[in-house]
Amino acid sequence: MRLRLTPRDSTYYELLAALARHTVTGASLLAELLGASRPEREQIVARLAEAEHLADDVTHSIKRRLNQTFVTPFDRDDLYHLASALDDCMDAMDEAGHLIVLYKVSELPMAVSEQVQVLQRCAELTADAMPRLRKLDQLPEYCVEINRLENQGDNLHRSLLGHLFDKVADPILLIKLKEIVDTLEEATDAFERVAHLVESISVKES
Amino acid sequence: MRLRLTPRDSTYYELLAALARHTVTGASLLAELLGASRPEREQIVARLAEAEHLADDVTHSIKRRLNQTFVTPFDRDDLYHLASALDDCMDAMDEAGHLIVLYKVSELPMAVSEQVQVLQRCAELTADAMPRLRKLDQLPEYCVEINRLENQGDNLHRSLLGHLFDKVADPILLIKLKEIVDTLEEATDAFERVAHLVESISVKES
Amino acid sequence: MRLRLTPRDSTYYELLAALARHTVTGASLLAELLGASRPEREQIVARLAEAEHLADDVTHSIKRRLNQTFVTPFDRDDLYHLASALDDCMDAMDEAGHLIVLYKVSELPMAVSEQVQVLQRCAELTADAMPRLRKLDQLPEYCVEINRLENQGDNLHRSLLGHLFDKVADPILLIKLKEIVDTLEEATDAFERVAHLVESISVKES
């Protein structure tokens, strides 16, 4: 094992912040997608796939660095899982975007925009929080706010499911819409896992 | 990091037992829900949500304590994953209950009651086993029995799926029933993960 | 804890290779299943279930050994997760086989065979790679190739979903086919997780 005995710890914060900023891009592209006409969608989803690809590269760099470095600023496993959870956020948003194009859905219920707004807020708060890991600054506030947003997302998701089953008579359209809405909910859950890991780090180090 | 050098180890067993007892409540409420009329259901699901909330609080206490304590009775990760897996049992049961109300299902196949009976048995055995972690008492018996129950649950789940696809002609009703039945199966799987973790602890310490 | 201070480390490689060879059997049986007539299928799925059972036993042996042994050739957690991920490959393939019989699907789209070919290739490469863990021999090549295959599987999966939603008018048949195709995709994802863990081990040790 190659050991870096003077690790540039700051790189972890920078890489995690970069990864979180890709989720901000991803969530904005999802919002853009919802407002776009069908012909514009493919091009937006291509940019979303690109953001997902960049996020993958950063995740990979973090993991590789963790495996090669002897001293890490926090518990190695926490950092590893934090990178994975951020990558899961991105993957679920990318998947939701692809499904919207693949399923050629012409119109989505209004509340899907609200789901995406929750994701945008989660992504922004997460991108703001990552650089604060270094000084463990205002992390509890971030965790509380993400929990609140995840709860809001959960309620939105349940009421959306109720709405779909009440209003959509075509079972094939229902299957499509349900999968999109479920995938957006998975993205919110992934942001909550990120916040739980940040909380775990924050408690250990305080 | 604040270190408790004289940790009250017993608290972990107590907290894990409390968490498992919430799953017993959850499984009983699911059984009650199946026998209830539609108007009674909302109130039962509200109690289920309350049990889920209490379980969340206990899970959170366990994890916080693990992060703040230097000495733990068992491997820290095992305890962490054990709390998470018990919480997953509760979450899946709560989710199944919510879906039954949300989807306004008037009647569920008989075998769903059998699925819930398996869950009740799993929850009771798990609540009985948690206090025995301290002395590693009769844990293999517990693990064997949960494996047997999970196997039974798996067979029930597969025959239920076969039944649904044979008998339910309305695709939208099929989607609803399938999701409920799949979510109950997830709860059984989560109990199996709990037992695997208990087995892992038991082997390490023996 | 019983300590084996002179562990026969080679056993881990042998057990992991045996586990991976069960996934090769599983993938071949899936391929056989796709070409079989409905009456032959049950018998093939019974052999698949048997392979899954044997894989379970090996996974269990690996985990038990990890818990009882003090010195392990690699990071204990990596070996633990590697065994779990290989077991997940087998479970998803077994599940896909069971669904094909349970859902009495008379015909599957051609591209499902291509999904299974990807799985066969993944399984073979993985079975070849496990013995090379000992000398960390040509592992990056294996990881790159699995990533390529997973990407190919992902594209196949998405185009299959598009095809199903375009061509299958019967929503109940659509639900069945979608679940089979999704489960095969899960198996490919599980092989990718195996490769990521191998990469992680390989980076740590190099």
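Lettering of chains follows the sequences in order, A, B, ..., and the numbering in each one begins at 1. Predicted model, so just to flag it, every value in this text is computed and none were measured.
With contacts defined as side-chain heavy-atom distances shorter than 4.5 Å, the pair B/D77/C/D77 qualifies. Contact annotation: the side chain of B/R158 approaches that of C/E95 to within less than 4.5 Å [non-hydrogen atoms, C-beta and beyond]. Inter-residue side-chain proximity for B/L161 and C/Y103 is flagged as met; some heavy-atom pair is nearer than 4.5 Å.
Contact residues of residues 170-193 of chain C toward chain B are C/P171, C/I172, C/I175, C/K176, C/E179 (heavy-atom distance under 4.5 Å).
The salt bridge (Lys or Arg N to Asp or Glu O under 4.0 Å) search around C/R76 returns none, not counting sequence neighbours.
Only the side chain of B/D166 comes within contact range of chain C, with heavy atoms under 4.5 Å apart.
Rounding to the nearest 0.5 angstrom, the gap separating the NE2 atom in B/H163 from the CG atom in C/L102 is 12.5 Å.
For chain B, the option among C/K104, C/H60, C/K63 with the highest count of heavy-atom pairs below 4.5 Å is C/H60.
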